[in-house]
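Numbering of residues begins at 1 and proceeds along the displayed sequence.
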Amino acid sequence: GGSKMYDLKAYTPTQGVKSVTRYNFRTQEVELEVAPYMPVKTKNFKLLRCSELKDIWGNLIYEDYIVKYKDDLIGVVKFIKGKFVVEFKQITVDLCNIYDRLLIIGDVYAGNEQ
């Protein structure tokens, strides 16, 4: 939605990966969008940075997302040395070079919710 202050997502052990509606730098607390409930506030989180690049379907690609290239290559989006890359089993590729041929298929945290 247009009301979000940041294109931020965060992972928490209880909620998984959710959009951040508010980030309080002073208290180091995030507020997560958990539709249809009230937003959840927590200090136990890991922020996922947004690459500002979009996959085949036009979805924004975030850090720690799992992506598929062509039919068989599966990789993880990482933020390393100031840039976004995709780590495949054999090779690491600059996200800028292949983002428009990627398909987001999940995130590294899926299934970790307590």
Side-chain angles (χ1 to χ4, degrees):
S3 62
K4 282 198 197 65
M5 288 167 51
Y6 309 99
D7 253 335
L8 272 183
K9 288 189 187 281
Y11 163 75
T12 72
T14 51
Q15 301 295 330
V17 174
K18 294 279 189 274
S19 290
V20 174
T21 49
R22 199 166 284 128
Y23 181 31
N24 189 326
F25 292 90
R26 195 171 46 74
T27 63
Q28 293 298 298
E29 190 175 59
V30 290
E31 191 177 281
L32 302 173
E33 194 175 276
V34 189
Y37 310 105
M38 291 286 290
V40 170
K41 286 183 179 161
T42 181
K43 291 185 180 194
N44 180 14
F45 66 92
K46 178 189 187 288
L47 283 181
L48 308 188
R49 285 166 282 212
C50 182
S51 69
E52 303 295 334
L53 298 170
K54 297 181 177 181
D55 76 348
I56 288 173
W57 297 109
N59 296 308
L60 283 169
I61 302 171
Y62 287 81
E63 187 178 19
D64 293 341
Y65 270 18
I66 297 169
V67 291
K68 189 154 94 168
Y69 179 74
K70 303 235 160 117
D71 285 332
D72 47 357
L73 273 180
I74 307 279
V76 178
V77 177
K78 296 279 178 193
F79 188 74
I80 298 171
K81 294 188 181 123
K83 66 179 186 176
F84 287 92
V85 297
V86 183
E87 289 184 344
F88 296 104
K89 215 176 244 147
Q90 311 290 346
I91 187 173
T92 297
V93 183
D94 198 319
L95 181 63
C96 293
N97 298 335
I98 59 168
Y99 69 91
D100 54 352
R101 284 165 282 166
L102 294 175
L103 177 66
I104 296 165
I105 57 172
D107 61 68
V108 298
Y109 307 104
N112 288 350
E113 292 83 42
Q114 306 296 301

Name each donor-acceptor pair under 3.5 Å that joins a side chain in residues 34-43 to protein atoms two or more places apart or in another chain, with its distance.
unit_1, atom_1, unit_2, atom_2, d
T42, OG1, N44, N, 3.0

Discussion item. Quick one, E29 and Y23 - any side-chain contact, counting heavy atoms below 4.5 Å?
Written reply: no

Worksheet item: Considering all heavy atoms of both residues, which atom of T12 and which atom of Q15 are nearest to each other, and what is their separation?
Response: OG1-N, 3.0 Å

Fill in: OH on Y65 to CG on N59, rounded to 0.5 Å
8.0 Å

Discussion item. For a side chain to side chain contact (heavy atoms under 4.5 Å, CB included) check, start with the C-alpha distance between Y62 and V77, then their side-chain angles and the critical distance, and finish with the verdict.
Written reply: CA-CA 7 Å; Y62 287 81; V77 177; over 6 Å; no

Item to complete: Kindly say whether I61 contributes a backbone atom to a donor-acceptor pair with the side chain of S51 at under 3.5 angstrom?
Response: yes

Practice prompt. Rounded to the nearest 0.5 Å, what's the gap from CG on L32 to OG1 on T14? Could you check?
Written response: 8.0 Å

Worksheet entry | Euclidean distance, D94 CG relative to F84 CZ, rounded to 0.5 Å | 11.0 Å

Worksheet item: Hey, what do you get for CG (D64) to CZ (F79), rounding to the nearest 0.5 Å?
Response: 12.0 Å

Worksheet item: What pair of heavy atoms forms the shortest contact from L47 to F45, and how long is it?
Response: CG-CE1, 3.6 Å

Item to complete: Check step by step if side chain to side chain contact (heavy atoms under 4.5 Å, CB included) holds for F88 and V86.
Response: CA-CA 6 Å; F88 296 104; V86 183; 3.5 Å; yes

Worksheet item: Rounded to the nearest 0.5 Å, what separation is found between the CG atom of L48 and the OH atom of Y11?
Response: 10.5 Å

Discussion item. With a sphere of 6.0 Å drawn around NZ of K46, does it hold more than 12 non-hydrogen atoms of other residues, nucleotides or ligands?
Written reply: yes

Worksheet item: With the 4.5 Å side-chain cut-off for hydrophobic clustering, are V85 and L60 part of the same group?
Response: no

Worksheet item: Can a donor-acceptor pair be found between the side chains of T21 and E31 at a distance below 3.5 Å?
Response: yes

Item to complete: Could you give me the CA-CA distance, side-chain angles and deciding distance for I98 and R101, then say whether side chain to side chain contact (heavy atoms under 4.5 Å, CB included) is met?
Response: CA-CA 6 Å; I98 59 168; R101 284 165 282 166; 3.9 Å; yes

Item to complete: Check whether any side-chain heavy atom of I66 lies under 4.5 Å from a side-chain heavy atom of I104, and answer yes or no.
Response: no

Worksheet item: With distance as the sole test, does E63 use its side chain to make a donor-acceptor pair with the main-chain N or O of R49 at under 3.5 Å?
Response: yes

Worksheet, complete the sentence: Closest non-hydrogen contact found for R26 with N24 is N-OD1, 2.9 Å

Discussion item. Restricting to side-chain contact (heavy atoms from CB on, under 4.5 Å), what partner residues turn up for D100, sequence neighbours left out?
Written reply: none

Discussion item. Any non-hydrogen side-chain atom of V67 less than 4.5 Å from a side-chain atom of Y69?
Written reply: no

Worksheet item: When rounded to the nearest 0.5 angstrom, what is the spacing between CD1 in I80 and CG in L95?
Response: 11.5 Å

